[in-house]
Amino acid sequence: MARPDQLDPVLGDLDARVRAAIRAAQLPETDPGLEKPKQPEHGDWATTAALRLAKPAARNPRELAQLIVDHLDVPDVVEEVSIAGPGFVNFRFAHRYHQDLVRRVVERGAAYGRSRKRDDERRRVNVEFVSANPTGPLHVGAGRWAATGDAIAELLDAAGDEVVREYYVNDAGEQVRIFGESIVLTATGQDLDDEHYRGQAIREVATELREHHGDGLFDRQAGDDDLVGSEAGGIDHDDGVLRDGDADTAAGDARVHPGVAARVGVLGVEAMRQRIEDVLHRMGVDFDVWYSEREGLHASGAVDATVAELLERGEAYDADGATFLRTTSHGDDKDRVLVRSDGRPTYFASDCAYLRDKWSRADQLYYLLGADHHGYVARLKAAAACLGVPPDRVEIRIGQLVNLLRDGEPVRMSKRAGETIDLDEVVDEVGVDVVRYHFLRQGLDTAIDFDLAVVARQSMDNPVYYVQYAHARINSLIRTADERGFEHGELADAPLELLTHPAELELLTAMAQLPLVVAEAAELRATQRLARYAEELAGTFHRFYTECRILPGADAAADERAEAEQLGRARYWLAVAAKQALANALGLLRVHAPERM
RNA sequence: GCCCCCGUAGCUCAGGCGGAUAGAGCAACCGCCUCCUAAGCGGUAGGUCACAGGUUCGAAUCCUGUCGGGGGCGCCA
């Protein structure tokens, strides 16, 4: 967790003083855990140190709170210190602190809320998410991982880490051959079997490939002569296309030449991957790395090298002609096969090689997986352990799935039916911001019902608009001020000491929290923390706007007018700062902050 | 058979690494635009935090069990 001194100089100072007081009182060292009291009347910030010290010190927390206060060198900005409840120490800050905040927010601009980490604390984090198989279009569920993974990556970046967004492309194995067959059969108007992929996107890809490569691509002869070459047996040991797959279905569909299926499969996968990339881009998600299993792990020899290394480390062993990884010694239920007795590596072997590769490029690995992959966690963690990667450096988060509904009725998403509603169509229907925000404001542990009818119909009541509206409203205010020629002057000259109205102070307090919220949300990888905070911040602005007249009214008497002008200047700059804070919060969620609505 | 997630207001969900009177939005009801965007604001009403034990000075939060709901693995990739 980022410490307060890296977020806010005043809080950092207070944090240090509380620590000093704890030392002076000869109490065990503990994090002051500065937080904002739930009830504003309790103060601006509070330390819970006494509560947490109660157990180790075996003393009454209120007594400890008093001890801490007795030893505390109270900074000037703190106007009032009080002990309350079971042992909270509350601090009330002078108005000066809040007024300085306006300057700090405006000066830091887009950087307000972001923080740095010391070099020894900064991590290179590899965030892998989505990674859906490129054998079909993305469905809504993938949209959840896209929005969440992207926002978590952004949060980590804002918290001072170096982040790489990565998509693992499963472009090797059995499924590529099946995908190739599916395209060929679709293109040539033949019936598909149960195992084949189908749907609108496949038809489009088939058409696309025909246009680029001609009918010959799907032709058996062409496959024999030009495309298959040494891989006539259907197994291509060089690029891994036909190596993988747990099924012992070396055969394949008799109507499609294996070489043609392989060739078309590779082309088709790339075409589909491109479509996925396009949809994700529409979602505002752009990956840094598209990692090809076929090229990066098979063609490069990384899989073989990884298996060799595991054998060398003594973590893998040969039995019954196959090679097993001893995952049971790291908490898995049973040992997993790396290389089958026929010599083909398993998909799991690819995962091991991929993990090893990522570990060479990063020092923190984050995997965002859907609940349908939760059975995979144990073996992946075991694989990490076998490869010598410390367990705390591999994070595997499981998110619950998304149910797509329309008017309360489930929308079919089965792959066999082929006809589903894709993410692309959902984005068309309700818009990017709604989709993203809907996913981001809910925790990963909650299964989400995404009802198209509800989301579309109630779009005006969607919380994302509540936040965006606050931003647009401030912009409108600024625009109006300009149109009326309101002289707001320079921020440095603004009479911020006039900001004493409760609504103003609440807005200021809310703004002050952004850096801590960001740090906490990043630490917990919890996008909903930031989303809920954004709603709270928007709420404090709306109340301020309702209760406090910002631009002077035209009807005021001359003597009152001068006063109103002064107050207006202070409030104008407060609004400018609030707009920045809102824009930053939305920006970290990568949700659009509109200038007008 | 095993595993994961959830159960908090009528609905959808925050809060959950123990701490102050349990929060928000929607829905309901009552108010607020001669005035900077009413996509807003204020108020009222609405809760055995599923249930039962346990740990603790203190439990919505941690542990165990039960019930209810969702999903996964054991078939594929």
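Nucleic acid contact class of Ala84(A) (heavy atoms, under 4.0 Å, all strands): base.
A salt bridge is absent between Glu595(A) and Arg479(A); no separation between the charged side-chain nitrogens and carboxylate oxygens falls under 4.0 Å.
Taking the syn range as angles within 90° of 0, the glycosidic angle of C33(B) is syn.
Distance, His373(A) NE2 to C5(B) P: 18 Å, rounded to whole Å. Between His438(A) atom NE2 and A14(B) atom P the separation is 11 Å, expressed in whole Å. In this structure, Gln468(A) atom CD and G40(B) atom P are separated by 12 Å, rounded to whole Å. Taking atom CG of residue Asn475(A) and atom P of nucleotide C36(B), one finds them 16 Å apart after rounding to whole Å.
Rounded to whole Å, the separation between the P atoms of C36(B) and A27(B) comes to 25 Å.
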Pairs under 3.5 angstrom, nitrogen or oxygen only, protein versus nucleotides 15-18 of chain B, please.
residue, atom, partner, partner atom, Å
G15(B), OP1, Gln528(A), NE2, 2.9
G16(B), OP1, Arg529(A), NH1, 3.4
G16(B), OP1, Arg529(A), NH2, 2.9
G16(B), OP2, Arg529(A), NH2, 2.3

Listed pairs, N/O of protein and of nucleotides 41-44 of chain B, under 3.5 Å:
residue, atom, partner, partner atom, Å
C41(B), OP1, Tyr466(A), OH, 2.5
C41(B), O4', Thr546(A), OG1, 3.1
G42(B), OP1, Arg543(A), NH1, 3.4

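Side chain of His374(A), nearest nucleotide from G72(B), C5(B), A20(B): G72(B). With distances taken from any side-chain atom of Pro86(A) to the nucleotides A14(B), A20(B), U37(B), the minimum falls on A20(B).
Base pairing in RNA chain B yields stems of at least 3 consecutive Watson-Crick or G-U pairs, both distances under 3.5 Å, namely B:1-7 with B:67-73, B:10-13 with B:23-26, B:28-32 with B:40-44, B:50-54 with B:62-66.
Not a single donor-acceptor contact under 3.5 angstrom links the side-chain atoms of Asp372(A) to the base of A77(B).
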